[in-house]
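Shown next, in structure tokens, is the structure this report addresses.
So that the names make sense, note that chain A is the first sequence line, chain B the second, and so on, each numbered from 1.
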Amino acid sequence: MEVDKKEIESDEQVVNPWEVSAKDGGKIDYDKLIDKFGCQRLDQSLIDRVQRLTSRQPHVFLRRGVFFAHRDFNEILDAYEKGDKFYLYTGRGPSSEALHLGHLIPFMFTKYLQEAFKVPLVIQLTDDEKCMWKNLSVEESQRLARENAKDIIACGFDVTKTFIFSDFDYVGGAFYKNMVKVSKCVTLNKAMGIFGFSGEDHIGKLSFPPVQAVPSFPSSFPHLFPGKDNLRCLIPCAIDQDPYFRMTRDVAPRLGYSKPALIESSFFPALQGENGKMSASDPNSAIYVTDTAKDIKNKINRYAFSGGQDSIEKHRELGANLEVDIPVKYLSFFLEDDTELEHVKKEYGEGRMLTGEVKKRLTEVLTEMVERHRRARGAVTDEMVDAFMAVRPLPSMFE
Amino acid sequence: MGFSKDQLLNRLQELEIDYSKYEHPPVLTVEAQAKYVSSSEGALCKNLFLKDKKHRYYIVSAMVDTKVDMKVLSQRLGLGKGGIRMAPEEALGELLQVSLGCVTPFAVVNESARDVSLLLDKNLKNPTRCIFHPLSNDVSISLNTSGLDKFLRSIGRDPVYIDLEVNPVVGKDQPPDLAVYVPFNSVVVPELPNKTACLQTPPKNESGETKPVTSAKPSKSACKFKNVAENSAPLAFKNPEKFVEEILDKTSALFLSEGKGKSVEALTETQRKRLASELTHLAIMYKNTAYTEGFQAGKCYQPKRL
């Protein structure tokens, strides 16, 4: 029912955990995606409800429509209102040491959810997946997992409510039992249909999806949620991860488990524009958390795709093309103040503000963010990573 | 002690809030006020000062013809059917620092009213201007609700508008929709017979301005999970956000006390928000570091030799 047919048409957009590309090199059509995947739009009434329930302003990513789709989020809120809590589950595939701003987005949002709803969080580092897909050695992928964990911790998660684990360390016991239960419910054909596997792929890849599925079930973490088999799970992630959780939601009722809910984000555009691809091999396609203030200024000025006109006169006459302008897009992600953003969009769109000014403001905002992250990262020690990753109970997880 | 009408009017001017002023003999009722301020200047409003059984106080400001059903309001706040009544006179003076007949949304400018919940009738937004007493019942001012909102935000309050005329069902599956506006803290007003200060369990949804509580007991409905270790460490030392609230409260109080006589205000809402965000981040890092050190110590802990 929620399962996808294999992608045959190559001139359609492709969105799955390993490939994201728009049709004809254009923009991703999110409406079509929502339709195809069968998830729902996150509308204003849900955002207002979140505000009421949490007594605080909704996160900037909600207000600006960055997190724009969901599955069963309203049910999570219904239960929350009645006093039934939930836990959060998100993760990262540690493929590289260099994290850019796009990588931080789900973590920034998850941190807000943790604080606003006062619920615990499990973070999965899929070192095994990267070992298999990126052909890294086991040791290297484990090392990257720990390095990435430091950047994740620097986003400000509370150690008394957060459990970080790497697959190589944690798979086994109750977690593995759930993995086997899930595997039994998914045929080879189905897996190939959902994920696009073929006869050429090695069996490691085929057996990976259950690993990403089972953190949605509280019984996978007996040290955290003993006896709480009905605890619901909310998964903040980018929308390309949807296939894993479509499979999980399909399987859950057959195992007697609740279906996990999802709250999904759109993709963060590359500096060169929506059509460009952010890649670890091109340092100028994104702002990295290790960039200096100078690097940031340079990258924005030189590589950020501008929607401004070619000449000042033309710009003043026609205004900027906000649809393709990257600085304004980035500001809509990271500039907290709604009024200021509206002002910039109006002035720039009507030609009174110039690209240089917008880029300057963006540079300020991003520099402050990156600096703050770097300072926090500096405070994360290996011992702190050990503490976050220790298999231990979290008694104050709902406080 | 309390804000005077002149101080309030000056503040409105500083904030560039547009209002019109009408002076008249002191009036104790809306009918009397109507004699001196005609409806062309703005819509007259009625203001109720209410109290619940747990000594929490509310100001309800509404259009004169909006029906305020106390039973319904009480239920919607989660206080049961007869949980709310008119507040006694002493509370008026102690908490709102105004005299009889002078209840007004502006009274929340006083520090003494910081735990009073202000509920505004959403119908107040309809007319161009509404009329309130600016802390004194021999003056009335008319202003647009946007001006009122601006003033409230300047003192760190989010304006809360509610539909007073709906009567939603409140039951097991339909939680009270206004429960979130019940003040976090109760207030002791002296000279009230046989009442002692009591900190009640926090309501299911805390109001935006939360204050640290010395015994961190989760409320019955909010958390069905018992704490494994039911420890009584003050929430301000466990929860980074509450910790930061406490710091900012103390800083704000310091500014206010230092600036007596001069025109110094407490931290504005925006300043507070930005500082809160930065400081909370720092507090979380501090907490994580402390936990890590404890964890390391725990790993190497050698039990007592018997």
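- The aromatic rings of A:Phe163 and A:Phe165 lie parallel to each other, with less than 30° between the two planes, well short of the 60° mark.
- Below 30°, between 30° and 60°, or above 60°: for A:His100 and A:Tyr288 the angle between ring planes is above 60°, a perpendicular geometry.
- The aromatic rings of B:Tyr291 and B:Phe295 lie parallel to each other, with less than 30° between the two planes, well short of the 60° mark.
- With a 4.5 angstrom heavy-atom cutoff, A:Glu368 touches chain B only via side-chain atoms.
- Here A:Thr160 is the residue among A:Ile153, A:Asp78, A:Thr160 with the most heavy-atom pairs under 4.5 Å with chain B.
- With B:Arg76 as reference, B:Asp177 is the one residue of B:Asp163, B:Asp69, B:Asp177 to meet the salt bridge (Lys or Arg N to Asp or Glu O under 4.0 Å) rule.
- The part of A:Phe388 that comes within reach of chain B is its side chain, from C-beta onward, which places non-hydrogen atoms under 4.5 angstrom from that chain.
- Aromatic ring orientation, A:Tyr330 versus A:Phe334: perpendicular (interplanar angle above 60°, classes split at 30° and 60°).
- Under the 4.0 Å criterion applied to side-chain N and carboxylate O atoms, A:Arg146 and A:Asp382 are assigned as salt-bridge partners.
- For B:Thr280, the part sitting under 4.5 Å from any heavy atom of chain A is the side chain, from C-beta outward, and nothing else.
- Interface residue B:Glu278: backbone and side-chain heavy atoms are both found under 4.5 Å from chain A.
- Taking B:Glu241, B:Lys299, B:Met285 one by one and counting their heavy-atom pairs under 4.5 Å with chain A, the maximum is reached by B:Glu241.
- Only the side chain of A:Gln57 has a heavy atom closer than 4.5 Å to any heavy atom of chain B.
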